[in-house]
Amino acid sequence: MSLQQIYDVEARIISVSNVRGKVYKMAIDAPEIAGTAKPMQFVNVALGDSTDPLLRRPFSLSGIYPDRGIIEITWAVVGRGTEIMAGWQAGQSVKVLGPLGNGLDIANLCLDHGLILVAGGTGLAPLFPPASQALARKAEVNVFYGARSADDLLDTGDLVTGCRLHLATEDGSTGFEGLVTDLLEAHLGVQGTGDNGKPTVISCGPKPMLKQVKHICNRHGFPLLVSLEERMACGYGVCQGCAVPSAGRKSGYYRVCTDGPVFWADDIDLGECTR
Amino acid sequence: MSLQQIYDVEARIISVSNVRGKVYKMAIDAPEIAGTAKPMQFVNVALGDSTDPLLRRPFSLSGIYPDRGIIEITWAVVGRGTEIMAGWQAGQSVKVLGPLGNGLDIANLCLDHGLILVAGGTGLAPLFPPASQALARKAEVNVFYGARSADDLLDTGDLVTGCRLHLATEDGSTGFEGLVTDLLEAHLGVQGTGDNGKPTVISCGPKPMLKQVKHICNRHGFPLLVSLEERMACGYGVCQGCAVPSAGRKSGYYRVCTDGPVFWADDIDLGECTR
Amino acid sequence: MNLTTDLGGLRLRNPVIAASGTFGYGEDYIKAGDISWFGAVSIKGTTIAPRAGNPPPRTCETPSGLLNSIGLENPGAKVVIEEKLPWLAQFDVPIIANISAESCEEFSELAAMFARSPHVSALEVNVSCPNVKAGGIAFGTNPDMCYESTKAVRQVWQGPLIVKLTPNVADITSIAKAAVEAGADALSLINTLVGMAIDVNTMRPVLGNITGGLSGPAIKPVALRCVWEVSRAVQVPVIGMGGISSAQDALEFLMAGATAVAVGTGLLVDPEIPRRVTQGIREYCEARGIETLQEIVGAARR
Amino acid sequence: MNLTTDLGGLRLRNPVIAASGTFGYGEDYIKAGDISWFGAVSIKGTTIAPRAGNPPPRTCETPSGLLNSIGLENPGAKVVIEEKLPWLAQFDVPIIANISAESCEEFSELAAMFARSPHVSALEVNVSCPNVKAGGIAFGTNPDMCYESTKAVRQVWQGPLIVKLTPNVADITSIAKAAVEAGADALSLINTLVGMAIDVNTMRPVLGNITGGLSGPAIKPVALRCVWEVSRAVQVPVIGMGGISSAQDALEFLMAGATAVAVGTGLLVDPEIPRRVTQGIREYCEARGIETLQEIVGAARR
Ligand SMILES: Cc1cc2nc3c(=O)[nH]c(=O)nc-3n(C[C@H](O)[C@H](O)[C@H](O)COP(=O)(O)OP(=O)(O)OC[C@H]3O[C@@H](n4cnc5c(N)ncnc54)[C@H](O)[C@@H]3O)c2cc1C
Ligand SMILES: Cc1cc2nc3c(=O)[nH]c(=O)nc-3n(C[C@H](O)[C@H](O)[C@H](O)COP(=O)(O)OP(=O)(O)OC[C@H]3O[C@@H](n4cnc5c(N)ncnc54)[C@H](O)[C@@H]3O)c2cc1C
Ligand SMILES: Cc1cc2nc3c(=O)[nH]c(=O)nc-3n(C[C@H](O)[C@H](O)[C@H](O)COP(=O)(O)O)c2cc1C
Ligand SMILES: Cc1cc2nc3c(=O)[nH]c(=O)nc-3n(C[C@H](O)[C@H](O)[C@H](O)COP(=O)(O)O)c2cc1C
Ligand code: FES
Ligand code: FES
């Protein structure tokens, strides 16, 4: 017996392309996953038959196309697994487990005062789907996106038109020179915020960035959702490997792979998180 | 300091081709090895960066072309390593250690009464170079070659013209129907052998075939060289993993990778060999 | 072909078990895999009191292996017995309750708690957890302590009693014999090997808990050797585990002397493994005219 | 950058050692690799009488690992001392003589024989070989036996004395302490883990000797943990080994507390490894402004 909600599919790769530098994008023919996935869910990708590397690798869905039965992931090469994936070609088959994680129910979010997305590096990838769903709900979407340099930026052309994009690079090679959180603060300072009219914020990226975003949102009283990464073994909830310390009411740990990856920032203790 | 005789080269693959069925052939640009290798030596081929599979795989040189700096190996897909190799493509680089093993000093062999080569399956591969060297010395070369069926035969077109080829397949799909050793016996029965005029025999193939060849040669008093295979870890003499029981004067074991792979049949105990 | 097997009174439809700690209590597994391919399932190691587990990071990939330092995170026996087991029981797969404790008294109390649940088919006494400070592995490295803890459980539990052993010992047969003497009906082996990893960039141990348990294909040779040694030394059935991810792996364990096998790390990589392993064993046997699993068990020893 | 290191009186130019049993006596290695990249070389385990070794097959690949059951094939101490060492000495790399025996008397006799050779820089007492029936691993699993065998060697050998330990124990620190108490100047760890493999087609163990020693990347996490534990428990330097095949692997061992490292299985796969490891350690240190190896040793413990 099974109460199947997560599919383990042997899927065909439709395309693999090098976005720029070390960043790649892959479209996969996986109708079961595309048909049921929510924004900000992820998949666990098997690397092949060898037992070294052994584990699957988790990647957020940067694109979900239920009509065409296609999902898309976007990744940066950071180690052996992502390197192997960069060598894959259209037509090959790949084992993909998904959709995984809680994902985002955009219908449950208050978007009356707009949505602010704050991303660093590959952290923009999971924000493409919620950006487009929020725009479809006629919300104002501001995207703050930062990276080390222009070479590290994802393809912002994948952001649905209508979003207001604010770019920052640490070396100033594109957009604002500095951290994306500085750009965000500058923007909020100019705009002012008042007592009511608090936009919802969703953020994804490196831990230090998330902490800073949390700090800013706390100050302005904006509700903040963060998407977390943690070393994962199974990705589907059985091993308890992906623990993240809780804050607020629950004591102990949450599992990033099933309780998350999307959390209300107040529910987790970013301070103690590794990475 | 080093007394380098064995080269660990990162070499370019010139071509990989599917001979037939599960049999493949690969030419590699390795001038150091091609320039020094003797017939019936072998190389140890690294499979890649993963540690699973871990060890290199040994393959006899089926072609040695010092002028062009090229070596060639021919293999059958029997497991994971040989499967991986079948997916390799021209232009890729491959780590190859060689030349390994004692090889054959054809100049030291008596070829006055001809040379008989007896091979089974991929066992023909190491016999291409000695066949061509023996013919260059104007010896009469008879090649007895057997396999399960026509699909399992190597490319006998690689045998230098001038050899007399006697084919056997167990299912009769090509040549004599039956074992190559039966064909050999039939041939020797017809030819007769007399007291003098004993050809030298070299054999390579599965253990049961080698045993039968040894039996036949003993009866006719033909000097017999066999090329052995044994599970190898290092292939260059340091681990003592490739032990084969000795017979005759030496007690204990020989190492196939350095004492062999070519042995006088009388020096080794084929009975106790595994495989 | 008959795949049924018997573990000291616990009859299984097929010999593939979900290893403890890689199946949770089934709630999440059931969404990704088909539980009916298991002959039995062993639940996450459970303690009397709830445990939060160790600080992250808790896992680290190694060559063909996985280090984990979960630290027995579990909601405590009461929640497990009242909430988890009744739910899991609906799937009609025998439930093995894996229990962990810091003293013989605790083991006996814990066993008594589970004895009152109608849903437990067997108890698996974990004297081999490398990831908790008190108790855990200590019980499994000393024959006397193994005897005492097994005995403590035996006195309050009448059903099939499995003791799970650690490979981190010089002579696993002496521990196995102690468990059997104290009344174990079957033995599970192996639990993980103690290992660690260091991040050369930060110059710190990777795991929050510093050391962890090594599992996966890397340890298969050690696990097979343990099964080989123990199944010759004792008369009770052995559940073999350690790096199983294919029918061929499982067959190696059965031939070494295991009466059933468990899949741990393999489930993390691929929830479909139990089906593949079970079908593969069947195909292997049918191709060779082997009619019962028992014909294979210990075949390499004959 | 200064790569020199000191192993209880044995000074090494660089910290990378050829592990015993994967370098022979150098004659074959020298044809394929450059011996001058080694800080020292440990010769094949040598016994008083010549040994033919175990029946084949003697090796079997496992996931990221290698099983071997060579069984201490060696020409005996006399031949080694009279023929192998004088030849090997020409390369000016310190020679560590790895010795194996079945009793304390034999250990003492063997040590005395090597003490008379001018070419031995250190003795490595192998109390951890899993592939011989008598002696071997037994000495390494019992603190008292480890003490006695070390003592026996200590009494006849004044030079640097290394004891090589097995991981096949519940508490490696107790064995380590016994060796140090008996006079060991340094410890080598780890030797192989006992393992086995089964061929499902023949239904027989793969190795002629049934069980063998598991080495290679698969055991690296276990080896690192042993180095971590032992280097905290004793004051003498530790030589770390087990699955090292890159500078990163070596750095992990140094940071865990090893003063030098040895490469075994890695040499079988790639004779060039000592150069790669040594150069890689140098690059790592230079990129971080680290000037002596000692700054890294045990860095993960600080
Ligand atoms: C829920 C989730 C969603 C993710 N989505 C994306 C995405 O959309 N695009 C993208 O590029 N990356 C994403 N990641 C990170 C991605 O999974 C890792 O970069 C990848 O697993 C590294 O594999 P590797 O073999 O190349 O690196 P490894 O060689 O395994 O490690 C290289 C480095 O990456 C770190 N790392 C390894 N695994 C993880 C992990 N699971 N989480 C975080 N860091 C890790 C290691 O600590 C190490 O520093 C996501 C991670 C999670 C948990
Ligand atoms: C000196 C020497 C020369 C060789 N020359 C050739 C050649 O020219 N062409 C060719 O096709 N093959 C040759 N072989 C055999 C070849 O090395 C093996 O077929 C190959 O290593 C199998 O690798 P694998 O990963 O595909 O198989 P694995 O998955 O490792 O094993 C598959 C099967 O092959 C057997 N096997 C594995 N390694 C060896 C080995 N070293 N020797 C014998 N059997 C083994 C295993 O027992 C198993 O049954 C030679 C072997 C030796 C020792
Ligand atoms: C993430 C994880 C958690 C585990 N938790 C437990 C546990 O709670 N109780 C237990 O007895 N064994 C536990 N184990 C050990 C496994 O049940 C199994 O004995 C071991 O991992 C070897 O099998 P494998 O290689 O198939 O994983 C755990 C293993 C892993 C990988
Ligand atoms: C083929 C082989 C032979 C070995 N022979 C010996 C030996 O004679 N004496 C010894 O002390 N260790 C011996 N070892 C153990 C190694 O020296 C080393 O301790 C172990 O293999 C772990 O290191 P590695 O993973 O780098 O191989 C041998 C290992 C292998 C693989
Ligand atoms: S990764 Fe296994 S529970 Fe989250
Ligand atoms: S394979 Fe290592 S000595 Fe022959």
Side-chain angles (χ1 to χ4, degrees), chain C residues 60 62-67 137-138 140-142 166-171 175 193-200 202-206 210-214 216-229 243 245 247-256 284 288 296 299-302, chain D residues 60 62-67 137-138 140-142 166-171 175 193-200 202-206 210-214 216-229 243 245 247-256 284 288 296 299-302:
Chain C
C60 172
T62 69
S64 298
L66 171 70
L67 281 169
I137 205 169
T141 55
N142 177 313
T166 170
N168 301 285
V169 293
D171 177 14
I175 314 286
L193 286 156
V194 186
M196 77 179 292
I198 287 173
D199 182 331
V200 299
T202 61
M203 298 199 188
R204 299 289 317 149
V206 173
I210 300 180
T211 61
L214 181 66
I219 70 167
K220 195 182 77 170
V222 175
L224 266 174
R225 184 264 306 173
C226 290
V227 168
W228 174 273
E229 286 179 354
S245 63
Q248 182 174 324
D249 295 332
L251 286 164
E252 286 193 63
F253 278 88
L254 295 167
M255 290 173 188
Y284 175 95
R288 284 163 181 77
I296 311 179
R301 298 213 315 263
R302 280 170 215 144
Chain D
C60 172
T62 68
S64 298
L66 171 69
L67 281 169
I137 206 168
T141 54
N142 177 312
T166 171
N168 300 285
V169 293
D171 177 13
I175 314 286
L193 286 157
V194 186
M196 76 180 291
I198 287 173
D199 181 331
V200 299
T202 61
M203 297 198 190
R204 300 289 314 149
V206 173
I210 300 179
T211 60
L214 182 65
I219 69 168
K220 195 181 77 171
V222 175
L224 266 174
R225 183 263 305 170
C226 290
V227 168
W228 174 273
E229 286 180 355
S245 63
Q248 181 175 323
D249 295 331
L251 287 163
E252 286 194 63
F253 278 88
L254 294 168
M255 291 173 186
Y284 175 95
R288 283 164 181 76
I296 311 180
R301 297 213 315 263
R302 279 169 218 148

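In what follows, every chain begins at residue 1, and chains take the letters A, B, ... in the order their sequences are listed.
At least one side-chain heavy atom of M255(C) sits under 4.5 Å from a side-chain heavy atom of V200(D).
At a 4.5 Å heavy-atom cutoff, the contact between R302(D) and chain C is made by backbone atoms alone. Of the atoms belonging to I210(C), it is side-chain heavy atoms, and not backbone ones, that fall under 4.5 Å from chain D. Heavy-atom distances place no part of F253(C) under 4.5 Å from chain D, backbone and side chain included. L67(D) touches chain C through its side chain: at least one heavy atom from C-beta onward sits under 4.5 Å away, while N, CA, C and O do not.
Of the inter-residue distances, the one linking T211(C) atom OG1 with L224(D) atom CG reads 12.0 Å to the nearest 0.5 angstrom. One finds the CZ atom of R225(D) at 10.0 Å from the CG atom of L214(C) (value rounded to the nearest 0.5 Å). Once rounded to the nearest 0.5 Å, the distance linking CD1 of I296(D) with CE of M203(C) reads 6.0 Å. The distance from atom OG1 of T62(D) to atom CD1 of I219(C), rounded to the nearest 0.5 Å, is 11.5 Å.
Between chain C and the residues P205(D), G65(D), A299(D), the largest count of heavy-atom pairs under 4.5 Å involves P205(D). Comparing A223(C), P221(C), C60(C), S64(C) by heavy-atom pairs within less than 4.5 Å of chain D, the highest count is held by P221(C).
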